[in-house]
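What you are looking at is a predicted structure, and each value in this text was computed from that prediction instead of being measured. In the text below, chain A, chain B and the rest are named by the order of the sequence lines, each starting its count at 1.
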Amino acid sequence: KAGVTQTPRYLIKTRGQQVTLSCSPISGHRSVSWYQQTPGQGLQFLFEYFSETQRNKGNFPGRFSGRQFSNSRSEMNVSTLELGDSALYLCASSSTGTTGEQYFGPGTRLTVT
Amino acid sequence: GENVEQHPSTLSVQEGDSAVIKCTYSDSASNYFPWYKQELGKRPQLIIDIRSNVGEKKDQRIAVTLNKTAKHFSLHITETQPEDSAVYFCAANFGNEKLTFGTGTRLTIIP
């Protein structure tokens, strides 16, 4: 099976812009979770989708949003970018959700200048 | 709130010795506790997990123990090897499809 893929792998944006990141899960997986990884904070949960429904979200401002399509592919959007949004954004897919093994993608490195 | 504390943040051990990483969690309703390993420049990968109805689980040189009363769980790596050098993350699921990670432990194996 092909692994989790994320596009783009690298992105440079300017403060105030918006960005959309994409995640394609392993075939057959219906759960996609998103995480923000920074050196000081580790992995922070953004949200989890299962069959197009957001089941939970983390403590991030409303500028962070996501969605999942009928083919389980997921996108996350960050509007009005801030310097502090610079991070590695990882998505993970699972057949069950966050109570089972999650398979991570390679991540999208976002730099906000 | 939903919090996972992980210690130590860095750990160096001699090759062949054991390494122990500890995590505590805040919510007694937590029922799933995975450990992920992230090598430099790579994605996190699950190495072992434990559920709240089990006290200990082993997989070759890796073991995880869970103390529900004290709300803490630990990762034990025996006979460490250079390829064990990585950042290790513990996590806890708070029963609501939300996985909270610890801040990570950078483990260095000294040859």
Under 6.0 Å from the [atom1] atom of [X], do we count more than 12 heavy atoms belonging to anything else shown?
| X | atom1 | result |
| --- | --- | --- |
| B/Leu40 | CG | no |
| A/Ile12 | CD1 | no |
| A/Glu52 | CD | yes |
| B/Gln60 | CD | no |
| A/Asn59 | CG | no |
| A/Arg15 | CZ | no |

Please walk me through it: do A/Thr99 and B/Asn93 pass side chain to side chain donor-acceptor pair (under 3.5 Å)?
-> CA-CA 7 Å; A/Thr99 54; B/Asn93 178 286; 5.5 Å; no
Taking C-beta and beyond as the side chain, do B/Leu99 and A/Tyr35 meet within less than 4.5 Å on heavy atoms?
->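 Side chain of B/Leu99 against side chain of A/Tyr35, heavy atoms only: contact under 4.5 Å found.
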Are side-chain heavy atoms of B/Pro44 and A/Leu90 found at a separation under 4.5 Å?
->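 With C-beta onward as the side chain, the pair touches.
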Linking I/L/V/M/F/W/Y whenever their side-chain heavy atoms sit closer than 4.5 Å, directly or via other members, would [X] and [Y] fall into one cluster?
| X | Y | value |
| --- | --- | --- |
| B/Ile62 | B/Ile21 | yes |
| B/Tyr25 | B/Ile50 | yes |
| A/Leu21 | A/Phe104 | no |
| A/Val19 | A/Trp34 | yes |

Contacting region of A/Leu43 [heavy-atom separation from chain B under 4.5 Å] |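 For A/Leu43, the contact with chain B is made by backbone and side chain together.
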Contacting moiety of A/Glu48, where chain B heavy atoms sit under 4.5 Å |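 For A/Glu48, side-chain heavy atoms alone lie under 4.5 Å from chain B.
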Most chain B-contacting option - heavy-atom pairs closer than 4.5 Å, from A/Gly97, A/Gly42, A/Pro106, A/Gly107 =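 Ranked by heavy-atom pairs under 4.5 Å with chain B, first place is A/Pro106.
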Select one option (side chain, backbone, both, neither) describing which atoms of [X] are under 4.5 Å from chain A's heavy atoms.
| X | answer |
| --- | --- |
| B/Phe101 | both |
| B/Phe33 | neither |
| B/Pro34 | neither |
| B/Gln38 | side chain |

Between the side chain of A/Arg55 and the main-chain N/O of B/Glu97, is any donor-acceptor distance below 3.5 Å?
->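 Between the backbone of B/Glu97 and the side chain of A/Arg55 there is no qualifying donor-acceptor contact (under 3.5 Å).
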Test log, rule side chain to side chain contact (heavy atoms under 4.5 Å, CB included), inputs B/Leu46 and A/Tyr103 = CA-CA 8 Å; B/Leu46 180 74; A/Tyr103 296 83; over 6 Å; no
Between atom [atom1] of [X] and atom [atom2] of [Y], what is the distance when rounded to the nearest 0.5 Å?
| X | Y | atom1 | atom2 | answer |
| --- | --- | --- | --- | --- |
| A/Glu101 | B/Ile47 | CD | CD1 | 11.0 Å |
| A/Gln6 | B/Arg43 | CD | CZ | 8.0 Å |
| A/Gln102 | B/Asp49 | CD | CG | 11.0 Å |

List the steps and the verdict of side chain to side chain contact (heavy atoms under 4.5 Å, CB included) for B/Phe89 and A/Gln37.
-> CA-CA 12 Å; B/Phe89 292 96; A/Gln37 185 171 30; 3.6 Å; yes
